[in-house]
Amino acid sequence: MQKINDVTFNEIMMRIHSVTNTKIQVELAKFLGIRQSSISDAKKRRAIPAEWLIKLLKHKSTNPDWILLGVEPIFLGPAIGEPTAQIIYRTEIKPPKECSAQELITELVSRALIDL
């Protein structure tokens with residue numbers, strides 16, 4: 001935990017309140033899952049606990065450099081070239097008991113495309 005001067009600490013707290021959409025310590029404490037007294041302690045020490053930065057990164061994708069230094073981007077996304085998770089929903093489609101060859105082929109092709 002690094003000590004920060006008064007002006008910088010207040011700017012950091014403004015950025016934290018901004019990204020969490022909170023106005024008062026009680027709201028921020030609830031967002032961070034900590035006691036309000038922990039925020040008061042951080043203010044007295046003029047230090048931002050690393051756990052706060054981790055929670056902001058995890059829950060809001062907030063860039064720790066933006067919080068501490070005001071350096072954009074504000075939010076971080078996946079690294080370039082990093083695979084992103086995709087959810088594919090598959091609905092089982094059964095052909096009617098009696099169907100033409102063309103309908104059967106169409107059904108088989110649509111099932112094969114779903115598995116790609």
Side-chain angles (χ1 to χ4, degrees):
M1 205 178 312
Q2 181 180 2
K3 239 175 171 199
I4 304 165
N5 69 43
D6 290 349
V7 174
T8 305
F9 184 85
N10 291 336
E11 291 170 355
I12 290 170
M13 289 304 293
M14 285 174 43
R15 287 191 284 269
I16 291 172
H17 280 290
S18 164
V19 79
T20 58
N21 199 25
T22 59
K23 295 190 185 313
I24 58 175
Q25 287 184 15
V26 173
E27 294 172 336
L28 180 58
K30 184 176 179 181
F31 177 88
L32 293 172
I34 59 175
R35 294 185 323 269
Q36 186 272 329
S37 62
S38 298
I39 296 173
S40 296
D41 292 343
K43 279 185 157 186
K44 286 177 193 169
R45 289 190 312 272
R46 295 292 193 229
I48 301 295
E51 295 81 23
W52 294 12
L53 298 173
I54 292 168
K55 285 182 182 179
L56 291 170
L57 177 61
K58 184 177 178 183
H59 296 291
K60 291 287 192 173
S61 300
T62 307
N63 182 356
D65 285 339
W66 178 74
I67 294 292
L68 296 175
L69 307 170
V71 175
E72 291 188 0
I74 297 171
F75 301 104
L76 300 176
I80 296 174
E82 185 177 311
T84 57
Q86 293 181 358
I87 299 174
I88 300 173
Y89 296 97
R90 179 176 176 182
T91 304
E92 188 69 26
I93 303 172
K94 296 182 180 179
K97 291 182 181 179
E98 294 181 27
C99 63
S100 68
Q102 183 60 45
E103 290 171 328
L104 181 59
I105 291 170
T106 302
E107 180 65 25
L108 291 172
V109 169
S110 70
R111 287 185 185 197
L113 291 175
I114 289 173
D115 289 336
L116 290 179

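Just so it is clear, the structure is predicted and the values come from calculations on it, not from any experiment. Numbers here simply count residues along the sequence, with the first being 1.
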Asker: Hydrophobic clustering (ILVMFWY, side-chain heavy atoms < 4.5 Å, transitive) - are Val71 and Phe75 grouped together?
Answerer: yes

Asker: What's the separation between atom CD1 in Ile67 and atom OG in Ser18, rounded to the nearest 0.5 Å?
Answerer: 8.0 Å

Asker: So how far is it from Ile54 CD1 to His59 NE2, rounded to the nearest 0.5 Å?
Answerer: 10.5 Å

Asker: Test your reading of the model: is there a side-chain donor-acceptor pair from Asn63 to the backbone of Ile74, 3.5 Å cut-off?
Answerer: no

Asker: Which distance, rounded to the nearest 0.5 Å, do you find between the CH2 of Trp66 and the CD1 of Ile12?
Answerer: 11.0 Å

Asker: Would you indicate whether the side-chain heavy atoms of Trp52 and Ile39 approach each other to under 4.5 Å?
Answerer: yes

Asker: Taking a hydrophobic cluster as the set of Ile, Leu, Val, Met, Phe, Trp and Tyr residues connected by side-chain heavy atoms closer than 4.5 Å, whether directly or through intermediates, do Leu69 and Met14 fall within one such cluster?
Answerer: no

Asker: When you measure from the side chain of Thr20 to the backbone N and O of Ile16, does any donor-acceptor pair fall under 3.5 Å?
Answerer: yes

Asker: Does a side-chain heavy-atom distance below 4.5 Å link Leu28 with Leu32?
Answerer: yes

Asker: Side-chain contact test, heavy atoms from C-beta onward, threshold under 4.5 Å: evaluate it for Glu72 versus Asp65 and give yes or no.
Answerer: no

Asker: Less than 4.5 Å apart, any side-chain heavy atom of Gln36 and any of Ile24?
Answerer: no

Asker: Looking at side-chain heavy atoms only, is the closest gap between Pro64 and Leu76 below 4.5 Å?
Answerer: yes

Asker: Given side chains that start at C-beta, do those of Val19 and Thr62 come closer than 4.5 Å, heavy atoms only?
Answerer: yes

Asker: Would you call Gln25 and Lys43 a side-chain contact if the rule is heavy atoms closer than 4.5 Å?
Answerer: yes

Asker: Quick one: does Asn21's side chain get under 4.5 Å of Phe31's, heavy atoms only?
Answerer: no

Asker: First locate atom NZ of Lys30, then atom OG1 of Thr22, and finally report the distance between them rounded to the nearest 0.5 Å.
Answerer: 12.0 Å

